[in-house]
Amino acid sequence: VQLQASGGGLVQAGGSLRLSCAASGRRTFSSTSRGWFRQAPGKEREFVASLNWGDGRTYYADSVKGRFSISRDNAKNTMYLQMTSLKPEDTAVYYCGEKRGSSPRAMSVMGEHIDYWGQGTLVTVSS
């Protein structure tokens, strides 16, 4: 599976961005979860949001709940992260990942055991 993340950029605080993660390589099974993680300079990678590809269940980190929304387009095999009310502390490289046979919540604590990673896209929020 290849994951291609895109959509990052520079935005002012309070602004919005939409990230995309396009998957290719094989069929996506309904038991698969995909999600977004981020890594700020000098910090460890942290979970942002995830969803189950089959039923669309979602799970969010407390820090983004109510501001970010994760979604999918099954036909395009693409996942999105709509980010609103962005804050400077949201500045990071955002990575999409896939974990087979996992719930969205379980994926949130599997940072070291993700099956596939995209290459990352940089989001910079200026104050």
With sequence neighbours excluded, residues passing side chain to side chain donor-acceptor pair (under 3.5 Å) with Thr32 | none
Sequence neighbours excluded, which residues qualify as side chain to side chain donor-acceptor pair (under 3.5 Å) partners of Arg72?
-> Asn74
Hey, are the side chains of Asp90 and Arg67 touching, using non-hydrogen atoms and a 4.5 Å cut-off?
-> yes
Is the backbone of Gly14 close enough, under 3.5 Å, to the side chain of Lys87 for a donor and an acceptor to pair up by distance?
-> no
With no hydrogens and no angle check, do the side chains of Arg100 and Ser33 hold a donor and an acceptor under 3.5 Å apart?
-> no
Mind checking what makes side chain to side chain donor-acceptor pair (under 3.5 Å) contact with Arg18, not counting sequence neighbours?
-> none
Using a 4.5 Å cut-off on heavy atoms from C-beta on, say whether the side chain of Gln119 contacts that of Gln4.
-> yes
Are Thr78 and Asp73 close enough, and set up right, to give a side-chain hydrogen bond (donor to acceptor under 3.5 Å, both in side chains), and what steps lead you there?
-> CA-CA 5 Å; Thr78 299; Asp73 183 328; over 6 Å; no
Identify all side-chain donor-acceptor contacts of residues 101-108 below 3.5 Å with residues at least two apart in sequence or on another chain.
| from | atom 1 | to | atom 2 | distance (Å) |
| --- | --- | --- | --- | --- |
| Ser102 | OG | Met107 | N | 3.4 |
| Ser103 | OG | Ala106 | N | 3.0 |
| Ser108 | OG | Arg105 | O | 2.5 |

By ring pair (Phe, Tyr, Trp, His ring centres under 6.0 Å) - contacts of Phe37 (at least two apart) | Phe47, Trp117
In short, His113 meets Lys99 closest at the heavy-atom pair O-NZ, 2.9 Å
Could you give all pairs that pass the salt bridge (Lys or Arg N to Asp or Glu O under 4.0 Å) test and reach residues 116-127, with sequence neighbours left out?
-> none
Could you tell me whether the side chains of Asn77 and Arg34 share a donor-acceptor contact shorter than 3.5 Å?
-> yes
Hits for salt bridge (charged side-chain N to carboxylate O under 4.0 Å, His left out) against Lys65, two or more places apart or cross-chain, chain-then-number order -> Asp62
Would you mind listing the cluster partners of Leu3? Hydrophobic ones only (ILVMFWY), side-chain contacts under 4.5 Å, chaining allowed.
-> Val1, Tyr116
When clusters are formed from ILVMFWY side-chain contacts under 4.5 Å, directly or step by step, what else is grouped with Trp36?
-> Val11, Leu17, Leu19, Val48, Leu51, Trp53, Tyr60, Val64, Phe68, Ile70, Met79, Leu81, Met83, Leu86, Tyr94, Val123, Val125
Name all pairs fulfilling the disulfide (SG to SG under 2.5 Å) condition that reach into residues 39-93, sequence neighbours left out, sorted by first residue then second.
-> none
Could you name each residue pair satisfying disulfide (SG to SG under 2.5 Å) that touches residues 73-123, not counting sequence neighbours?
-> Cys21-Cys96
OG of Ser50 to OH of Tyr59, rounded to nearest 0.5 Å, is 8.0 Å
Applying side chain to side chain donor-acceptor pair (under 3.5 Å), name anything that partners Asn52, two or more places apart in sequence or on another chain.
-> none
Does Arg38 make a cation-pi contact with Tyr95, if we ask for NZ or CZ under 6.0 Å from the ring centre and within 45° of the axis?
-> no
Under 3.5 Å donor-acceptor, Thr91 side chain and Thr124 backbone = no
